[in-house]
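Structure record follows, encoded as structure tokens.
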Amino acid sequence: QVQLVESGGGLVRPGGSLTLSCAASGFAFSNEAMTWFRQAPGKEREWVAAISRASVTTLEADSVKGRFSISRDNVKNMLYLQMSSLKPEDTAMYYCNAGWRSVPQWMGDYWGQGTQVTVSS
């Protein structure tokens, strides 16, 4: 049974930093590219950062480039998102999922519970 558990969110002031974590289980984590997504109130879910299976390639959305960094640990089945220089527009629920910028069909409609990031003074 697939399970994705995101954690590490919170309230942070503009310019601050947070590191999100995602614990994955129930599938061959090391065989899958992984992506962080986010969804702000009233907006569609968007991809934020993606990483290839062996961490050879990473890609960040233009809106977070230079501020966010994605990484993974294939031994621990963990995905991370280091966020710095946070802006109010980064406020959103953050999710991890399999796939390179989009979720593969085999994952179906599964999403974890997400972790809330709020950037506010």
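As the structure is a prediction and not an experimental result, all values here were calculated from the model.
In terms of the salt bridge (Lys or Arg N to Asp or Glu O under 4.0 Å) criterion, residue partners of Glu46 (sequence neighbours excluded) are, by chain and number, Arg38. Residues satisfying the salt bridge (Lys or Arg N to Asp or Glu O under 4.0 Å) test with Lys65, not counting sequence neighbours, are Asp62. With sequence neighbours excluded, the residues forming a salt bridge (Lys or Arg N to Asp or Glu O under 4.0 Å) with Arg67 are Asp90, listed by chain and number.
Listed by first and then second residue, the side chain to side chain donor-acceptor pair (under 3.5 Å) pairs involving residues 104-121 are Gln116-Thr118 (not counting sequence neighbours). Within the structure, side chain to side chain donor-acceptor pair (under 3.5 Å) contacts touching residues 73-82 (residues at least two apart or in different chains) are Arg72-Asn74.
Minimum heavy-atom separation, Arg53 to Ala33: CG-N, 3.6 Å. Contact record, Ile70 with Ala50: CG2-O, 3.5 Å, taken as the closest heavy-atom pair. Cys22 and Leu4 make their closest contact through SG-CD2, 4.0 Å (heavy atoms, listed as atom of the first residue, atom of the second, distance). Nearest approach of Ala98 to Pro104, heavy atoms of both residues: O-CD, 3.2 Å.
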List, one per line, each side-chain donor-acceptor pair under 3.5 Å for residues 12-21, sequence neighbours excluded.
none

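For CZ of Arg45, the number of neighbouring non-hydrogen atoms (other residues, nucleotides, ligands) closer than 6.0 Å is greater than 12.
In this structure, Tyr95 and Val48 have side chains that are not in contact, with every pair of non-hydrogen atoms separated by 4.5 Å or more. Residues Phe27 and Gln3 form no side-chain contact, since every pair of their non-hydrogen atoms from C-beta on lies 4.5 Å or further apart. Using a 4.5 Å heavy-atom cutoff, the side chains of Tyr94 and Met83 are in contact. Considering only heavy atoms from C-beta on, Trp36 stays 4.5 Å or farther from Ile51 through its side chain. Using a 4.5 Å cut-off on side-chain heavy atoms (C-beta onward), Met34 and Asn97 make no contact.
Clustering ILVMFWY residues whenever any of their side-chain heavy atoms sit less than 4.5 angstrom apart, transitively, puts Leu79 in a cluster other than the one holding Val5.
In terms of modelled atom types and a separation under 3.5 Å, the side chain of Ser52 and the main chain of Thr57 share a donor-acceptor contact.
In this structure, CE on Met78 lies 9.0 Å from SG on Cys96, to the nearest 0.5 angstrom.
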